[in-house]
Number of protein chains: 2
Amino acid sequence: MMNTQNTNQITIFKALADSVRLDIIEYLKHVDREVTCGEVGKALNISKTSGSYHFKLLQEAGLIITRKEAREKYVRLNSVTFDKFVTNFYKNI
Amino acid sequence: MMNTQNTNQITIFKALADSVRLDIIEYLKHVDREVTCGEVGKALNISKTSGSYHFKLLQEAGLIITRKEAREKYVRLNSVTFDKFVTNFYKNI
DNA sequence: TAAATAGTTCAAGAATATTTGAACTATTTT
DNA sequence: AAAATAGTTCAAATATTCTTGAACTATTTA
């Protein structure tokens with residue numbers, strides 16, 4: 001399996017520069033456990049296709065860790081990357 | 001004079017999600033003093049118009065402090081905002 | 001084994017963001 | 001006073017990002 005993770009500052013900032021992805025991150029941070037893409041999508045009202053797109057970008061930026069189990073894909077925040085680059089995370093200040 | 005500064009997480013991330021603006025920030029961080037837009041533009045090979053656009057976004061995100069003196073506009077990093085939200089800043093990791 | 005479920009991929013369309021050049025204001029230099 | 005310089009604004013062109021639906025793979029359930 002090839003490594004698709006890209007730990008460039010700009011990749012991370014681009015990944016964070018979208019409200020859908022910030023919603024996802026906020027959700028993952030809040031629940032603080034592994035959840036399926038479907039659960040996140042339902043909770044945040046994101047379509048499957050759009051979710052797939054956004055989870056991919058977050059994963060490529062190294063901001064989430066994903067694991068496929070059978071039909072489902074589990075995601076959780078990658079707190080190593082997240083805490084390294086993101087401080088004072090509040091969606092609204 | 002109206003306040004155009006917008007301290008939202010997403011505004012900051014969007015401001016950081018562009019290579020021209022990261023170049024500008026890196027430059028300002030490196031020189032560590034007030035410089036004119038013109039100096040930055042020349043050093044980084046950014047056109048006046050494009051520079052004007054990018055400096056505006058950085059200012060609106062609160063990432064730089066600007067001061068107009070006669071013909072020239074001086075800019076410097078706003079380290080309060082920058083240090084609050086950006087840690088481990090290296091353009092390439 | 002057929003139907004349902006979870007997620008991906010693709011191409012097209014829509015929305016946003018960036019660049020460009022021309023015209024402009026304001027200031028400084030000649 | 002004319003020319004040069006520093007920067008801004010605008011609208012048009014271009015580039016990039018995001019959303020959508022259809023078709024797809026793989027797995028699970030009825």
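Just so it is clear, the structure is predicted and the values come from calculations on it, not from any experiment. Order of the sequence lines sets the chain letters (A, B, ...), proteins ahead of strands, with each chain counted from 1.
- Sorted by residue number, the members of residues 55-76 of chain A with any non-hydrogen atom under 4.0 Å from DNA chain C read A/K68, A/R71, A/E72, A/K73.
- Screening A/K73, A/R71, A/R67 against A/E69 for a salt bridge (charged side-chain N to carboxylate O under 4.0 Å, His left out) leaves a single residue, A/R67.
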Working for side-chain contact (heavy atoms from CB on, under 4.5 Å), residues B/V75 and B/V35: CA-CA 6 Å; B/V75 301; B/V35 287; 4.1 Å; yes

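- Atom-to-atom, NZ of B/K48 to P of D/dC10 comes out at 16 Å; the value is rounded to the nearest Å.
- Between A/F89 and A/I25 the shortest heavy-atom distance is CZ-CG2, 3.9 Å.
- For the pair A/R21 CZ and D/dT19 C1', the computed distance is 12 Å after rounding to whole Å.
- Taking every nucleotide of DNA chain C with any atom under 4.0 Å from a non-hydrogen atom of chain B, the first and last of them, 5' to 3', are C/dA17 to C/dT28.
- Of all heavy-atom pairs spanning B/I64 and B/F55, the tightest one is CD1-O, 3.5 Å.
- Looking at residues two or more places apart in sequence or on another chain, you find a salt bridge (Lys or Arg N to Asp or Glu O under 4.0 Å) between B/E39 and B/R33.
- When the side-chain nitrogen and oxygen atoms of A/H54 are compared with OP1 and OP2 of D/dT19, one or more of them lie within a distance under 4.0 Å.
- The phosphate of D/dT19 has neither OP1 nor OP2 within less than 4.0 Å of any side-chain N or O from A/T49.
- A side-chain donor-acceptor contact under 3.5 Å links B/T66 and B/Q59.
- A/R21 places a side-chain N or O within donor-acceptor distance of the main-chain N or O of A/K14, the cut-off being under 3.5 Å.
- Nearest heavy atoms, A/G51 versus A/I46: N-CG2, 3.5 Å.
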